[in-house]
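No hydrogens, no waters, no symmetry mates; every other heavy atom, side chains included, goes into these values. Naming convention: chains lettered A, B, ... in sequence-line order (proteins, then strands); numbering from 1 in each chain.
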Amino acid sequence: MARQYVPAEIEVKWQKKWQENQAHKTVEATDKPKFYCLEQFPYPSGRLHMGHMRVYSIGDIIARFKRMSGYQVLHPMGWDAFGLPAENAAVKFGAQPAKWTYENIDFMKEQQNRLGVSIDWYREVATCSPDYYKWTQWLFLKFYEHGLAYRKRAFVNWCPECSTVLANEQVINGLCWRCDSEVTKKDLEQWFLKITDYAERLLNDLDKLPHWPEKVRTMQRNWIGKSEGAHVTFTVPELQDEAITVFTTRPDTLYGVSYMVLAPEHPLVAKLIEGKPQEAQVRAFVDEIKKESEIARTATDAEKVGHFTGAYAKHPLTGEQVPIWVANYVLLDYGTGAVMGVPAHDERDFEFAKKYDLPIKVVINPLDPEMLAEEVGVEEAFTEDGTLINSGDFDGMPNRDAIKAISKFLEEQGKGGGTVSYRLRDWLISRQRYWGAPIPMIYCDSCGVVPVPYEQLPVLLPEDVVIDGKRNPLTSSESYVNTACPTCGGHARRETDTMDTFIDSSWYYLRYTDPNNTELPFSKENADKWMQVDEYIGGIEHAILHLLYSRFFTKVLYDIGMVKYDEPFRSLLTQGMVLKEGAKMSKSKGNVVSPDEIIEKYGADTGRLFILFAAPPERDLDWTDTGVEGSYRFLHRVWRLVDGHAGLFEGNAAAPDTADEAAKDLYRMTHYAIKKVSEDIGERYAFNTAISTIMELVNKLYTYPETADRGTLVYALRTLIVLLAPIVPHIAEELWQLIGNKDSVHEQTWPAYDPQALVLDEVEIAIQINGKVRDKLVVPNGLSKEELEAHVVNHEKTAGLIEGKTIRKVIAVPGKLVNIVVG
RNA sequence: GCCGGUAUGGCGGAAUUGGCAGACGCGCGCGACUCAAAAUCGUGAGGGAAACCGUGGGGGUUCAAGUCCCUCUACCGGCACCA
């Protein structure tokens, strides 16, 4: 009796069974190699979308494949559960952030289970749980203890819509990463983590990550933005030789300085203009610039505007008077917030000098004799290499050498020296929001800033708060704010900011290794056992943010001896977006396909199969309904194939006997499929071609003659089901039972291929004349170069092709072709 | 401006080490089954009448190039008044 393939029935059945059997609980077997497979944990927004389904399909095929291949696999899941949407829901519907979050988690967990993913839920973590954020706070204190967390007053990014400050990484083109509002600047005292201390290692160690996409590594390099140059200290005689230090990448042009420029926010500006005729004008200009948005301020096409302060600095080498200006194009938070102006050899300085009629002094002589030094700096800045002129003792030196020589000289004179500047800024982690881990710090009137003692953790989020989307909710809780100083016992106030949620996600992969530890965030033993994450799968949108922060955290934890690796993710797979009709799925475009509707209509297996088959994982995937239908059709095809031959498996099925040609061919195809699927899933992550190979095997099985050997057929069908198991776990399990097995297909050992089975008796080779294919010829396999050459050259087919021509050369490639060059 | 990536039939894609371009699937055509349709099974096709031409354009290396080298273009992404 033929049975129908009804995904809805079998999928729920097996999901229940796996749950009952704790089939996905991590099995710790010390005799097996470990594999840590991790998908970026989701934010519990309320509902899974296709991007989620894609990332879990990819993660699950890898996890299941590795399990069957003899690894002990860690494949956990959790929730990046702190964040603003929970608070927005509180403002909008009056929902409790905690309740709202946990309801979403329950719902989404259910959805994940319907995908049939093999997640070890016994290790689930939620960053909003006190059991978790206790350790986030603990880690913050460790950073503080090691001088890596500090408080400072600074002009920081402020999102008016989210009513909170943002880290530099969270400002995308001047807009808030979350809500796209225009970011403004605020002068606030905030907590920072000293990620800049790690800039050099974060940059250099990218070279230790060959299994990361080049794209991500490039993005991180750009973000860190290393720039080598020198500090040069100018003094201001009228201010008792107060120093102004500039950063430059071109110390070789130092003799060409004709002015210097400070950022409008530079702390010295007020002193310099005091009592000068320019004072009012400069002050007005500075105020105007401070009001400008980040976008307007950093636009490349913005016009350069500046004002003379009325003050002069002394050139460190020539002693000349150098006028000091302020201008909009100099940024306070890069380098030193002050630059030297060398109009002859810098395009921006040239433009500025022309506009304000400042002197242009040429100090580099072009190498190209066609170009005269007199012409330099007349029409445009000369930024190429050359030799120094008008530069005192350095005259005649090639400018590349002068960069080093002048740096060295400055250092000897105590007037600067070689240095490195980074674009990367320290990580601002304070957030004026409720739904995050409280920063465990206390301000005492007499003792100052006091960390909360470790034994008093966690600092719990209070519930008597007002969440109105405007003010910082924690300030509204009297019981929270007022506390006793841990040092003197006197009255003190708690820090009311919470931590950036990116801190929560910077260490969650370590918590999975030891999720129930009540003494520490994780034990070194467990972390060292499972780390590094062998395959980390997620979207490119975290290329800088989460991935840079996690690397930073891991390096700090490495330095303080908590882990043995200084990079968290050995290999990174950035999956592409899911598109429909060439556009990203979105409600406004009305092109959204939800995992739920796919599961309901076709089953999770069809959805997984389509996602893995339609495109390689790192590329964007265009969702097509006909493509999904095709995957569904394929699973039916497999079902009918196995169901139609179920009778063969009763009793003692025969062993393969490859005496007849068809059996031999099927046996070869089966082993080819084992080889190809193993390599494609295990090594190349080319799931699409793994599936296409399985399809070829199925096609072969459909044309297998009724009269050919049954043992080979049985063997091929069994293998087919095993190969399908990591991809479509439910139907594979059902078919495995259908052919009479009592155990689970997922507990089977992944098959090894027999190289002997792949050897063909005969191969078809191409006969090429002058590199063009002219005919095909079937020849015995295993011929040597010489034998093959002789065989083909003497063959009658060849005779016709080269008639009347002279053979000049013959290239024989066994198994592939013979190319005859004729003249 | 600097850096990185991508470019192959009508479409998604394959070709892993320089060796027969277009596997597999979608869509399409034809046939079988059916009174008919759906489903299913089978089958066909890069373009061109052909010689030939074909992997974004041009050049090169090689017996042989989607693959290597040079150069240009387009698109996607990161950084960018960064001194």
Side-chain angles (χ1 to χ4, degrees), chain A residues 172-173 213-227 229-230 246-250 253 260-261 263 297-305 327-331 333-342 346-349 351-352 383 421-423 540 543-544 579 582 609-610 613-616 618-631 633-634 636-637 640 676 679-680 683-684 686 688-699 702-703 764-776 808-822:
Chain A
I172 316 291
N173 296 327
E214 193 53 48
K215 185 177 184 170
V216 174
R217 294 194 291 164
T218 301
M219 284 168 77
Q220 293 211 353
R221 271 187 207 109
N222 287 342
W223 186 260
I224 294 167
K226 181 177 179 174
S227 168
V246 302
F247 173 72
T248 178
T249 53
R250 295 292 306 274
T253 64
M260 65 185 300
V261 189
R297 182 73 194 279
T298 57
T300 29
D301 51 0
E303 203 193 340
K304 290 175 181 46
V305 184
N328 60 346
Y329 75 95
V330 177
L331 307 171
D333 59 3
Y334 181 76
T336 59
V339 301
M340 59 189 210
V342 186
D346 182 280
E347 281 163 23
R348 288 156 309 178
D349 295 348
E351 189 191 327
F352 194 76
T383 56
S421 196
Y422 300 92
R423 214 193 64 94
I540 189 81
I544 293 169
L579 311 175
L609 180 69
F610 171 72
F613 178 61
E618 65 280 3
R619 266 204 237 184
D620 286 348
L621 172 119
D622 202 10
W623 191 274
T624 60
D625 296 334
T626 48
V628 178
E629 294 277 355
S631 294
R633 203 150 49 216
F634 173 73
H636 275 279
R637 206 165 136 79
R640 282 193 311 272
K676 177 91 171 125
E679 289 169 358
D680 282 357
E683 291 161 32
R684 301 203 309 140
N688 53 333
T689 51
I691 291 166
S692 74
T693 304
I694 296 175
M695 286 172 169
E696 285 183 72
L697 176 59
V698 169
N699 290 344
Y702 262 93
T703 56
E764 188 186 55
I765 60 136
I767 305 174
Q768 294 184 342
I769 306 296
N770 290 344
K772 295 191 175 183
V773 180
R774 292 299 181 206
D775 210 337
K776 305 268 174 98
R808 294 182 186 263
K809 194 173 180 182
V810 179
I811 298 101
V813 183
K816 303 270 187 192
L817 52 79
V818 172
N819 187 14
I820 302 168
V821 184
V822 296

Result for 5'-nearest mapping on RNA chain B, choosing between E629(A) and N222(A), is E629(A)
Does N819(A) get its side chain close enough to the base of rC63(B), under 3.5 Å, for a donor-acceptor pair? yes
Using a 90° cut-off around 0 for syn, call rG46(B) syn or anti. anti
Under the 3.5 Å rule, do the base of rU6(B) and the side chain of K215(A) count as making a donor-acceptor pair? no
Report yes if at least one side-chain N or O of R221(A) is closer than 4.0 Å to OP1 or OP2 of rG77(B); otherwise report no. no
Taking the minimum atom-to-atom distance to the side chain of R423(A), which one of rC26(B), rG13(B), rA80(B) wins? rA80(B)
Assert yes or no for the condition that the ring centre distance of F613(A) to F634(A) is strictly below 6.0 Å. no
Reading RNA chain B from 5' onward, which residue's closest nucleotide shows up sooner: V821(A) or T218(A)? T218(A)
Using whole Å, report how far CH2 of W623(A) lies from C1' of rC11(B). 17 Å
Side chain of R633(A) only, please: which of rA15(B), rC82(B), rG27(B) is the nearest? rG27(B)
Checking R637(A) against N699(A): is there a side-chain donor and acceptor pair closer than 3.5 Å? yes
Consider side-chain contact (heavy atoms from CB on, under 4.5 Å). Of V330(A), D346(A), L331(A), which one does V339(A) pass it with? V330(A)
Selection from rC82(B), rG42(B), rC20(B) that lies nearest to any side-chain heavy atom of R348(A): rC82(B)
So if I take every side-chain heavy atom of K776(A) and compare against rG78(B), rC20(B), rA14(B), which nucleotide ends up nearest? rC20(B)
Taking only the side-chain heavy atoms of N699(A) (C-beta and beyond), determine which of rG19(B), rC24(B), rA83(B) contains the nearest atom. rC24(B)
Regarding the side chain of Q768(A), the nearest nucleotide among rG19(B), rG42(B), rC82(B) is rG19(B)
Under 4.0 Å, counting only non-hydrogen atoms across every strand here, what does T624(A) touch: a base, just sugar-phosphate, or nothing? nothing
Selected nucleotide, minimal atom distance to T626(A) side chain, candidates rC26(B), rG12(B), rG13(B): rC26(B)
Picking from rC20(B), rA83(B), rC41(B), which would you name as closest to the side chain of A766(A)? rC20(B)
